[in-house]
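Throughout, a chain's letter reflects where its sequence line sits, starting with A, and its residues are numbered from 1.
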Amino acid sequence: MEIDFETIQKKWQKRWEEAEVFSADDNSDKPKFYCLEMFPYPSALGLHMGHALNYVIGDVAARFKKMQGFNVLHPMGYDALGLPAENAAIKDGTPPEEYTSKAIQNYISQQKALGISYDWSRMISTADPSYYKWDQWIFLKMFEKGLAYQKKSPVNWCPKCSTVLANEQVVNGKCWRHEDTKVKIKTLKQWFLKITHYADELYSGIDNLDWPIKTKAMQKNWIGKSHGTEILFDINGKKWPIFTTRPDTIFGVTFMVISANHPNLWDLVTPEKKEEVERLLEKITSVSEKDISKLEKEGAFTGSYAKNPATGEMVPIYVGNFVLADYGSGMVMGVPAHDKRDFEFAKKYNIPIRRVIDGGSGEAFTGDGILINSGEFNGMHSSKAKEKITQWLSEKGLAKKVTQFKLRDWGISRQRYWGTPIPIIHCKKCGAVPVPEKDLPVVLPKEVVFGKGNPLETTKEWINVKCPKCSSDAKRETDTMDTFVNSSWYFLRYTDPKNDEKIFDEKKADYWCPVDLYIGGSEHACTHLIYFRFYTKFLRDLGLINFDEPVIKLFHQGMLLGEGGERMSKSKGNVVEPSTISKEYGIDTARYFLLSLAEPDKDREWSKDGINGALRFIKKIFKTFHKIEIGKDTEDFKGFLNEKISKITKYIENFRYRLATIELKELFERLSAEKSASRESLETCLKLLCPFAPHISEELFEKIGNSGFVSNSSWPLAKKVEKKEEKEDINEKVQQAANSVINALQKKDREIKKAYIYLIPKDFALCQKEKISLPVKFEVFSTADKEKYDPANKAKKARPGLPAVFVE
RNA sequence: GAGGGGAUGCCGGAGUGGUCAAACGGGCCAGGCUUAGGACCUGGUGGCUCUUGCCUACGGGGGUUCGAAUCCUCCUCCCCUCACCA
């Protein structure tokens, strides 16, 4: 049997669009459901089957929820600013705007062909000035609150991108986009967003998120909260703060190490040691070419000494390559007896090692223990000593308890054209002056020259402006924003995408948000997904929204690998194009197949044999609907269908789509063996199929005489099993469980006089003793019965629907 | 080094105390249909007996239990993320 998939698909896609079946209603009494897939960067390459998978996973949830009676918001948009468009401009002269809008058009038509239930009327593009205007607006608000600021700082610079990279965009010292390009360190004046202002809240909020455990762990790790003590060391009459989590080891400090990148390093280097330190710094930068993790510790004496506030001892200060400049205070106290790194360093430079914690043996003992050689604190346990020593020093004004984070402020400056212009004007008199709100958006100039650094710098008519404050000659900021800025709040714009008065209407945002289900790759765990949360908290503090987290449930889709198990890529020639597959097999076949391969969060492999199997199934459905008589159901089939309804519903709710596809297969397999079935049952089958294979569901729904959309119909409810049946069910279970225990024991030749059966109170109430027959005498108890006979304490093993049994 | 996740038949992967030799795919085998088939249909797919039955199996050891793939414990191995965070 041949099915004209193309015709069927186009027909229903057109009808859905004309009838606005998937438009989200801003005013509805229904409960809302906001389903969002991470919006794509529209590359000219278009999308392959792997991208399709992502959208199909979301679509199943959105369609399912809609049929369940939810008012569903399921939008799509494009993260359109960014490097590839600019690189295309440099390479073949296509203006970024043209490149982007072409790519977007291509994406839209490809996504429509997948039959995804988007509300296209809400489409957004971040390259649209009406969108990035609000990026600028948020920036101004942050500037106003002191959360956007400039500082000179060493930044990661990719020579290929010729721009700054965020820490998260540096992978093993290489650029995330150019695996072969080493990131260089440059010192530039950059714009930062003070995400650290929210570090504590970002950290503690993680626990309450319904997100994958792994992702939560990664974020916690990234934010890296740790508690410790900041101790002041006297160096040349000045107080230098040192962060430590082990104040209990203060008596074991025999040296200090300052980071080679510390901004105030040279304050400590004495003239005699200058040369030596310089030599070391040179060596460090050349050595850093190698694998950083295997670097040996290196250092040099600065010539200065620090006074240990606990002992009054003078200890030498070294400069070292293993101390991070931007964590803690950029300088550490060296306790070689109780820290592995300090131990290594001390051994190498013959620094004394003094044990102050009793325990362990051999090299550095890093555990907790009893203090020794620690003056009045001897005999105290580490855990207590941490408190006491901190207290003792703080009474002298030399220490305080502090919390440290690994999280750094977010550097958003990019020396690139195709990004959101930072709305700042630099004036010689007034400094950095914000562009007045009424002048937003600051629109990117169109006539620019690519290829020589940042094109904005050479566009004189754009750069040169008057200062908004004093009207003297001034220049625009030429840095643009990291594209992650654009994606940090887009979920809110979907709730009110066309508003040109405000960033969004508070009421609408309040109704739709937060996002109920967010689907996207786990690679964003420490980038987008942290910025997303940061922006949400900031906008909340502005009073625009009244929730704390953008996303309730987060889901990471698995990857689709090419046939043979390798990543799909053009160079490997294993890319599967949805349009090709759609013509040959039908897009519903592909949707069903993708989801039947593995659970949504697992990786899967494309296979020719596999899609053929799926096609067989789809054809079978068609055949069945062609030959089956619309009439009556058999009792058996009714029961079977009922069971499938409840299973499929449960599986979709729990994101076990693969198991749902298996149940569907069994259902239609069974249906194909029936001579006749009721119209209602046939409709039910199609409703269950609809989220997975919407086009053919619509087609067959129409064929059996419906004029509406199955997509608009309501999800079937499994009929509850009758009370009476539930009773019988319990009786049966009790009998079965008791029998299996008795049998097992009798086989072992154990003599059984009597069986005691324990049921949870609910089951006990349902159970009818008189209907149970066992080969031995027996008694039934409720687990709640305090008087019950239970010498082996078996009753606690009873579970709902499952009795516990004791025999003697 | 720190954190997270895993280990089931030829393969992918269900299953979380009895109904498990283990769903469902894929592969493979046999038969049917066919001029032929990579198309379709049916059955089989740990071992021995081949009907009932028995043995061996869910990474390895130990334990709890009348009973464990499923619970506890130790071990081994694999994957992912961060990585000298003081």
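Distances from the side chain of Asn321(A) to the nucleotides C41(B), G15(B), C84(B) place C84(B) closest. Distances from the side chain of Lys297(A) to the nucleotides C41(B), C84(B), A23(B) place C84(B) closest. If you check C41(B), G13(B), C84(B) against the side chain of Arg658(A), the one that comes closest is G13(B). Out of C24(B), A86(B), G15(B), the shortest distance to the side chain of Ile662(A) is found at C24(B).
Annotation: C82(B) and G27(B) have their P atoms spaced 38 Å apart (nearest Å). Distance noted for atom P between G62(B) and A30(B): 42 Å (whole Å). Between C78(B) and G46(B), the two P atoms lie 30 Å apart (nearest whole Å). Comparing the C1' positions of G9(B) and G44(B) gives an interatomic distance of 15 Å, to the nearest angstrom. Across G61(B) and U8(B), the matching P atoms stand 16 Å from one another, rounded to whole Å. Only the P atoms considered, G1(B) is 45 Å distant from G25(B), to the nearest whole Å. Here the separation of G38(B) from U34(B), taken at their C1' atoms, is 15 Å to the nearest Å. Here, U45(B) and C79(B) have their P atoms 35 Å apart, quoted to the whole Å.
Base pairing analysis places A2(B) opposite U81(B); the two distances defining the Watson-Crick or G-U wobble pair are each below 3.5 Å. Across every strand in view, A86(B) sits unpaired, with no contact that passes the Watson-Crick or G-U test at under 3.5 angstrom. Remark: C10(B) base-pairs with G26(B); criterion is Watson-Crick or G-U wobble with both hydrogen-bond distances under 3.5 Å. Base pairing annotation: G38(B) forms no Watson-Crick or G-U wobble pair, as no partner gives both donor-acceptor distances under 3.5 Å. Pairing for G18(B) is with C66(B), a Watson-Crick or G-U wobble pair whose two hydrogen-bonding atom distances lie under 3.5 Å.
Rounded to a whole Å, the NZ atom of Lys406(A) is 16 Å from the P atom of U81(B). Put simply, NZ on Lys644(A) is 14 Å from P on A23(B), counting in whole angstrom units. Atoms CD (Glu643(A)) and C1' (A23(B)) sit 13 Å apart, rounded to a whole Å. Between Lys225(A) atom NZ and C82(B) atom P the separation is 23 Å, expressed in whole Å. Rounding to whole angstrom units, OH of residue Tyr758(A) and P of G17(B) are separated by 21 Å. Look at CG on Leu324(A): it is 15 Å from C1' on A2(B), rounded to the nearest Å. G25(B) atom C1' lies 11 Å from atom CD of Glu666(A), rounded to whole Å. Computed from coordinates, the Lys347(A) NZ to C84(B) P distance equals 24 Å when rounded to whole Å.
Within the nucleic acid shown, Gln404(A) has no heavy atom closer than 4.0 Å to any nucleic acid atom. Within 4.0 Å of Val335(A), counting heavy atoms only, lies no atom of the nucleic acid at all.
Atom-to-atom distance recorded for His524(A):NE2 and Met218(A):CE is 11.0 Å, nearest 0.5 angstrom. Note that CD1 of Ile621(A) and CD of Glu669(A) are 10.0 Å apart. Values are rounded to the nearest 0.5 Å. Interatomic distance, CZ of Phe593(A) versus CG of Leu53(A), reported as 11.0 Å (0.5 Å rounding). The CG atom of Asp200(A) lies 6.5 Å from the OG1 atom of Thr403(A); values are rounded to the nearest 0.5 Å.
Each of Phe692(A), Tyr585(A), Tyr592(A) was compared with Phe617(A) under the ring pair (Phe, Tyr, Trp, His ring centres under 6.0 Å) criterion, and only Tyr592(A) meets it.
Between Arg656(A) and the phosphate of G15(B), there is a side-chain N or O to OP1/OP2 separation shorter than 4.0 Å.
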Under 3.5 Å, N/O pairs linking protein and nucleotides 3-6 of chain B:
none

When you compare the protein's N or O atoms with those of nucleotides 26-29 of chain B, which come within less than 3.5 Å of each other, and at what distance?
residue, atom, partner, partner atom, Å
G26(B), OP1, Arg616(A), NH1, 3.4

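Although no hydrogens or angles enter the test, the distance criterion places a donor-acceptor pair under 3.5 Å between the side chain of Arg604(A) and the main chain of Lys602(A).
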Run the side chain to side chain contact (heavy atoms under 4.5 Å, CB included) check on Asp339(A) and Arg246(A) step by step: do they pass? CA-CA 10 Å; Asp339(A) 183 281; Arg246(A) 293 299 302 271; over 6 Å; no
Leu209(A) and Arg533(A): side chain to side chain contact (heavy atoms under 4.5 Å, CB included), yes or no, with the steps? CA-CA 11 Å; Leu209(A) 296 172; Arg533(A) 298 180 59 218; 3.9 Å; yes
Starting from the C-alpha separation in whole Å, work towards a yes-or-no answer on side chain to side chain contact (heavy atoms under 4.5 Å, CB included) for Lys406(A) and Trp222(A). CA-CA 7 Å; Lys406(A) 285 195 228 173; Trp222(A) 187 263; over 6 Å; no
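Each of Lys340(A) and Tyr651(A) was assigned the nucleotide of RNA chain B with the nearest heavy atom; the assignment lying further toward the 5' end belongs to Lys340(A).
Between Tyr318(A) and Tyr349(A), the angle of the ring planes lies from 30° to 60°, which puts this pair in the tilted group. Taking the six-membered ring where the residue is Trp, Phe365(A) and His338(A) present perpendicular rings, their angle passing 60° and hence far from 30°.
In summary, Lys647(A) and Glu666(A) do not engage in a salt bridge, as defined by a charged side-chain N under 4.0 Å from a carboxylate O.
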